[in-house]
Amino acid sequence: MIKLKQLLAEKLLSGIAAINSESGLNASAIADMLEYPPDAAMGDLALPCFKLSKTLRRSPVQIAETLAASLESDCLKKAEALNGYLNMYISDKYYTDNVLCDVLNKGECYGAPEFGKGKTVVLDYSSPNVAKPFHIGHLGTTVIGHSLKKLHEFAGYKCVGINYLGDWGTQFGKLIVAYRKWGSRKDVEDGGVDKLVELYVKFHNEAENDKSLEDQARAEFTKLEQGDIENLELWRWFVDVSLAEYKQTYKLLDIEFDSYKGESFYTDKMPAQVELLREKGLLKIDDGASIVDLEEYNMPPCLILKRDGSTLYPTRDIAAAVYRKNEYKFDKAIYVTSAGQSLHFAQWFKVVQMMGYDWYDQLVHVPYGTVSINGAKLATRTGNVILLRDLFAQAIEKVSDIIEEKNPNLENKQQIAEDVGVGAIIFYYLSNNRIKDINFIMEDALSFDGNTGPYVQYTYARTCSILSKSTPAACEDKISTNEERTLLSVLSRFEEKVVEAINAYEPSIITRYILDVAVAFNQFYHNCQILGAEDEAVRSTRIRITKATQTVLGNAFELICLKKTEKI
Ligand code: ARG
């Protein structure tokens, strides 16, 4: 459809030139003005002519009428002026020869823009803090991050997914103290991250009464930093235990990272950057700490070294960015975190610029809002945080119950429950603009009749079931209903949506698009006989349209990490 907009824009441009030869407009400006009317009865594409009235010094009504009279294109069945809008109706020939054939020929590549070819994107996402719970606050970074990776890969970028584990810092001193005092190897082997979290919580509770614990923890962390063998072994083990558990959740979501280089990896890479900051005269001493003053940019100072000379979160991020630039030669580095960290990113991005790195503008922070869950039903044994693992487990269990009740003989029940349960959570989460705070309502996410994951996966399964019963005949395509036209019109917009989603770092654009496809397909399915159509050409075309729908849904599912369920 990008092509079609361009094509029509060029035709429109000659009509516009006839009204005013010095409008100064070009085809791509006009293409950008074209809109999809909310109701297919008003055409497949429309030009809101008020956008031109100032330039052309005519009323929108006049412009629409003049353009309607002169516009001619093989792509169009007709063009009508209505209330200052020029409504254009795509011809059936364009639908069959361009849209339908294009989807079927390109298959898995349909909708893929190519602007990422030869470029590299590094995506830093999920990145939980070791020995702290992997909870619903991480749902956003994990799911948005992975979807952005898929979107960029689809556009041809080489992508590097990095899990920047929070695997360093004073919390390890605390954990080492707590483990030695109250834990045992067996406890941690049996209890995994939950046990580590418990020890960590106990440390804080005990430290309220025993101030010496904090000093002990600091001392253990210093020993760790200095390479004490025993502490290093414990640390490595705590990281491994945590990672093994995170990986179970990643496996459920089909997420693999290209790198797990966490914060600890950058310990020896920070001094060079601190030195550079000093050389450039950017460091100021403030109450003993080293900072970069950002007053000029209306931001609080960026902290580089604490009073005792130890490094901080921004210090590590700066060193990591420099390392990644050298290692991967990225064209773009994306960081997905909660909006609570927006200031942190704005600050250190600015510092990178001040240091003279000319790639500072390739750093992109993608923030998202908070997640809460309705009611206390999902609270876990670790207290009031809800673990991601438990959220998914609960969704899977509920879907299992639904299957047992409605379709107990379904083959492969467990796998399907997993695909639909996980999909429901992902789809629900990605239905809103990422920056909005969301309140999770499990019943809504799992419903089969709302705008949900189960609904769109069910629609996908429906296309599979139809296609398993038939193959199209070799005859010319014949379109005969508006349901077919509307569906093809929606299918034709896929690439445009992909581009929009990438430019806005917004997977929800794909989620909402999937709903548009599902709604259009279900209307087509309910109102048009597919396998039962009498006319052979009509039947064959409808089967091909079903195949095209399956292809587009499948390609779009991939982008938001939704499984293609052939049966539900
Ligand atoms: N570990 C951090 C947290 O859980 C997120 C890390 C984000 N990435 C980064 N490069 N700072 O809050």
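Quantities reported herein were computed from a predicted structural model and do not represent experimental measurements. Along the sequence shown, residues carry numbers from 1. Numbering of ligands and ligand atoms starts at 1, following listing order.
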Can you pull out the closest protein heavy atom to atom 10 (N) of ligand 1? Residue, atom name and distance to 0.1 Å, please. Asp317 OD1, 2.7 Å
Among protein heavy atoms, which lies nearest atom 3 (C) of ligand 1, and at what distance? Asn129 ND2, 3.7 Å
Could you tell me if Asp437 and Thr370 have a donor-acceptor pair between their side chains, going purely by distance under 3.5 Å? yes
What pairs with Tyr360 under ring pair (Phe, Tyr, Trp, His ring centres under 6.0 Å), at least two apart in sequence or on another chain? none
Does ligand 1 have a heavy atom under 4.0 Å from the side chain of Leu165, from its backbone, from both, or from neither? neither
Regarding Glu327 and Arg324, does a basic nitrogen lie under 4.0 Å from an acidic carboxylate oxygen? no
Under 4.0 Å from a heavy atom of Asp124: which atoms of ligand 1 are those, numbered in the order shown and with their elements? 7 (C), 8 (N), 9 (C), 10 (N)
Numbering as shown, the atoms of ligand 1 that approach Thr337 to under 4.0 Å (heavy-atom distance): 7 (C)
Can you check whether [X] has an N/O within less than 3.5 Å of an N/O in ligand 1?
X: Arg324; value: no
X: Glu263; value: no
X: Tyr164; value: no

Could you label the plane-to-plane angle of the Phe345 and Trp348 rings as parallel, tilted or perpendicular, counting under 30° as parallel and over 60° as perpendicular? tilted
Give, for atom CD1 of Ile509 and atom CD1 of Ile560, the distance between the pair rounded to the nearest 0.5 Å. 12.5 Å
Nearest-0.5 Å distance, CG of residue Asp444 to OH of residue Tyr428: 5.0 Å
So is Phe345 in contact with ligand 1, going by heavy-atom distances below 4.0 Å? yes
Does even one non-hydrogen atom of Gln341 get within less than 4.0 Å of ligand 1? yes
Please confirm whether Tyr250 and Phe257 have ring centers closer than 6.0 angstrom. yes
Looking at Tyr179 versus Trp235, is the centre-to-centre ring distance below 6.0 Å? no
Just going by heavy-atom distances, which of Tyr313, Phe134, Tyr335 is nearest to atom 5 (C) of ligand 1? Tyr313
